[in-house]
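What follows is a short report on a single structure.
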Amino acid sequence: MGWGEVGVKRDQPQSSTVSGAPAISATPPRWRPRFPAGIGILLGISCVLFAAFWLLDVAFFGRRTPAAEHLSAWRLLVDLDAETLQNALGSLAQVVVAVLGIAITVVSIVVQLAATRYTPRIAEMFFRDKKNLSIMGFFVVACINAVWISIVVTTGFVPRATVAMTTVVVTASLLLLIPYFAYVFAFLDPEKVIARIGHQVLDAVLARGVARRDRNDLDLRQASCVAGLEHLSDIGVNTVAQKDKIIATGAVTALREFAVKYLKEKSRLPTEWFALGSRIHGSADFIALAPDSLRSLEHKKVWVEWKVLHHFRSVFSEALDHLPELAHVVAIETRYIAEEALRHGDREVLVLAIRYFNTFLRSALNQRDVRACYNIFHQYRLLAEHMLRKGHSDLVLEIGRCLAYYGQTAHKADLGFITETAAHDLAVLCERAYDHDIACHDTLLGIFLEVDKEAETHAQEQTLRGVRKAQVKLATFYMAKNALTHADRICADMRGEKPERMASIRAELGSVNEKVFWEVTDRGVNFDYLEPTRKEKLDEFFARVALR
């Protein structure tokens with residue numbers, strides 16, 4: 001095969017407007033404090049309770065010493081006794097130290113659990129976050145001040161301002177404790193972590209706010225880009241293994257969003273960016289490549305896209321074993337990247353996407369995963385249709401050859417439905433090529449007619465029937481369009497078919513009246529359905545076959 005596959009192990013059986021892709025947010029999601037009103041309520045309740053009972057004590061219940069009989073409520077509040085303060089401030093220091101200990105313990109446990117489950121990058125991100133460092137720093141300052149004030153109050157001097165300041169700081173640290181825990185949990189929300197990593201990777205590539213373009217700067221940016229993509233891949237693979245579909249889908253989507261935005265900005269990057277720097281030459285993925293392959297990635301300027309699609313393959317392989325639904329998501333996102341490359345005229349990325357589609361098909365065939373192949377063929381065909389509309393006939397022919405090749409491979413492995421699916425998708429491509437008057441149509445029809453092979457087993461016999469059905473359906477399309485020359489090519493290909501097989505195919509196609517398949521499928525179409533105008537041509541087609 002001309003396009004080959006990528007690294008298959010043979011021993012294993014407002015935003016960018018990609019067609020059909022979800023919109024990409026222009027800015028990363030940021031945590032916004034949701035508790036200022038809550039803090040105010042807690043502070044207000046505390047003040048009201050304290051003031052109410054303080055005034056009750058002053059007026060009715062409190063016992064005064066003779067020296068304090070003439071003092072007002074305010075003077076009683078602010079006249080501080082050094083000995084009493086020493087005892088109270090000592091307890092206050094113990095309280096704030098305990099608060100700091102609780103905060104550190106809770107944060108450490110939660111962050112470590114999140115880092116273990118998703119990616120170690122979470123811990124690094126958390127302890128570099130400015131809000132987190134500011135709040136933790138405030139707790140430490142409150143603790144230090146409480147300890148120091150408990151020492152400096154003596155029998156001969158009462159530092160009123162310092163005591164007031166320390167009281168305010170300790171009160172604020174206590175009020176911040178619950179909102180801080182809420183911030184920690186919001187920060188560690190996997191979807192926000194994924195989005196944050198994605199935007200950090202893009203910032204590293206585009207060097208926003210950085211003016212330098214020297215080799216060392218580029219090496220650092222490349223290393224940051226590779227590290228971020230690997231962390232997104234780790235999240236995807238780990239959550240697939242845990243059958244966490246939502247987070248795994250988010251990781252794959254973030255990789256696609258980055259690739260789409262990167263393709264949009266790619267032309268603005270300096271030429272030196274596309275040469276692999278010393279910091280990433282030794283990364284696990286690149287070090288495994290042959291020197292010629294590395295030079296090819298640099299020459300074609302696709303090492304970033306290769307990295308993204310390579311991570312797609314890792315997630316895809318894991319999904320086949322643990323979360324089959326996500327394999328389809330990977331195929332969809334790969335198509336989105338290819339369509340964005342087509343939008344920007346990046347042919348090399350298109351070629352790379354084709355190779356990875358082939359790789360996905362090979363992996364699914366090795367696993368004998370019929371459903372995965374069925375879905376991949378669909379996305380592959382949709383990409384080919386998009387290329388047809390953009391005039392990339394040569395690439396469409398290559399995709400057609402790949403569909404035929406993997407259909408024949410499935411036929412040999414007695415995976416008949418996969419072969420039928422390949423035939424169906426090739427037939428649809430022929431229809432689209434004819435409708436758009438594409439020059440490659442005749443060649444594509446020839447590829448389609450090569451899918452069927454002589455049956456050797458009963459299962460392969462059933463497969464051949466499915467391929468013949470697809471050929472009959474395409475012939476009725478041509479006849480409805482009055483393209484009899486193309487229909488006659490199909491008639492000639494069916495010469496020598498067993499009469500009983502032809503009769504059964506005719507009966508089955510004529511009896512299906514429901515366009516939508518009676519079970520829930522991703523495509524929702526019934527392969528055996530013919531529109532009334534095409535069904536009318538069945539008798540004429542079989543008569544032409546009989547004449548031959």
Side-chain angles (χ1 to χ4, degrees), residues 1-4 17-20 331-332 334-358 361 376-408 419-452 467 469-494 523 525 527 529-531 533-534 537 541:
M1 295 299 295
W3 298 94
T17 54
V18 182
S19 175
I332 293 172
T334 302
R335 175 171 65 85
Y336 288 157
I337 292 175
E339 288 177 355
E340 188 67 16
L342 189 60
R343 186 188 307 278
H344 296 288
D346 198 328
R347 183 182 174 87
E348 296 298 341
V349 176
L350 280 175
V351 173
L352 191 63
I354 290 173
R355 292 185 65 197
Y356 271 95
F357 265 114
N358 295 340
L361 283 170
I376 297 167
F377 274 136
H378 185 209
Q379 298 305 319
Y380 211 178
R381 193 205 75 217
L382 291 176
L383 175 60
E385 290 182 26
H386 199 68
M387 290 179 177
L388 271 177
R389 292 190 290 270
K390 298 298 182 179
H392 290 268
S393 299
D394 57 333
L395 294 180
V396 173
L397 287 177
E398 289 298 334
I399 291 176
R401 294 188 184 99
C402 291
L403 290 175
Y405 170 78
Y406 288 107
Q408 292 165 353
T419 308
E420 292 180 39
T421 303
H424 170 82
D425 287 327
L426 277 169
V428 173
L429 276 182
C430 289
E431 293 177 12
R432 302 293 184 269
Y434 180 85
D435 282 337
H436 290 86
D437 195 23
I438 305 297
C440 70
H441 167 266
D442 289 353
T443 306
L444 196 60
L445 177 57
I447 294 171
F448 169 64
L449 293 176
E450 293 175 0
V451 174
D452 58 302
V467 175
K469 282 184 184 179
Q471 292 174 346
V472 172
K473 288 177 61 180
L474 181 58
T476 61
F477 167 83
Y478 289 134
M479 296 178 73
K481 298 284 186 177
N482 202 31
L484 298 181
T485 303
H486 301 312
D488 285 340
R489 286 184 65 183
I490 299 176
C491 289
D493 188 72
M494 288 192 171
R523 303 195 193 199
V525 299
F527 282 175
Y529 174 77
L530 281 174
E531 297 174 358
T533 54
R534 294 171 63 172
K537 300 296 182 180
F541 170 75

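Positions are given from 1 along the sequence.
- The CD atom of E431 sits 11.0 Å away from the CG atom of L445 when rounded to the nearest 0.5 Å.
- L403 CG to R381 CZ: the interatomic distance, rounded to the nearest 0.5 Å, is 9.5 Å.
- Nearest heavy atom pair, residue G400 against residue I447, reads O-CG2, 3.5 Å.
- Here R335 pairs with E339 in a salt bridge; the nearest charged N to carboxylate O distance falls below 4.0 Å.
- Residues L342 and H392 meet the side-chain proximity criterion, which asks for heavy atoms closer than 4.5 Å.
- Taking CZ of F448 as the reference point, atom CG of D493 lies at 9.0 Å (rounded to 0.5 Å).
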- [ ] Step by step, work out the side-chain contact (heavy atoms from CB on, under 4.5 Å) result for V396 and D394.
- [x] CA-CA 5 Å; V396 173; D394 57 333; over 6 Å; no
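- Within the 4.5 Å cutoff, the side chain of M387 has no heavy atoms near those of the L382 side chain.
- Side chain of H436 to main chain of R432: a donor-acceptor pair is present (N/O by atom type, distance under 3.5 Å, no hydrogens or angles).
- In plain terms, the two heavy atoms of C440 and L388 that are nearest each other are SG-CD2, 4.2 Å.
- Side-chain contact check for T334 versus Q379: every heavy-atom pair is 4.5 Å or farther apart.
- Looking at heavy atoms from C-beta onward, N358 lies out of side-chain contact with Y405 at the 4.5 angstrom threshold.
- The SG atom of C430 sits 11.0 Å away from atom CG of D425, with the distance rounded to the nearest 0.5 Å.
- The OH atom of Y356 sits 11.0 Å away from the CD1 atom of I337 when rounded to the nearest 0.5 Å.
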Output a table of donor-acceptor pairs, distance under 3.5 Å, between side-chain atoms of residues 470-478 and any protein atom two or more places apart or on a different chain; print 'none' if there are none.
from : atom 1 : to   : atom 2 : distance (Å)
Q471 : OE1    : R468 : NH1    : 2.6
Q471 : NE2    : D452 : OD1    : 3.1
K473 : NZ     : F527 : O      : 2.3
T476 : OG1    : K473 : O      : 2.5
T476 : OG1    : R534 : NE     : 3.4
Y478 : OH     : H441 : NE2    : 2.6

TODO: Begin from the C-alpha positions of L350 and R355 and carry the test side-chain contact (heavy atoms from CB on, under 4.5 Å) through to its verdict.
DONE: CA-CA 9 Å; L350 280 175; R355 292 185 65 197; over 6 Å; no
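- Taking the side-chain hydrogen bond (donor to acceptor under 3.5 Å, both in side chains) definition, one finds that H344 meets it with E340, sequence neighbours left out.
- Counting only residues at least two apart or on different chains, the salt bridge (charged side-chain N to carboxylate O under 4.0 Å, His left out) pairs with a member in residues 433-445 are D435-K481.
- Of all the heavy atoms in L444 and L397, the pair that sits closest is N-CD2, 3.8 Å.
- Residues T419 and G407 approach most closely at OG1-O, 2.8 Å, considering heavy atoms.
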TODO: Begin from the C-alpha positions of R389 and H386 and carry the test side chain to side chain donor-acceptor pair (under 3.5 Å) through to its verdict.
DONE: CA-CA 5 Å; R389 292 190 290 270; H386 199 68; 3.3 Å; yes
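- Side-chain contact between L361 and F357 is absent, with no heavy-atom pair separated by less than 4.5 Å.
- Here OG1 of T421 is found 11.0 Å from CG of L426. Values are rounded to the nearest 0.5 Å.
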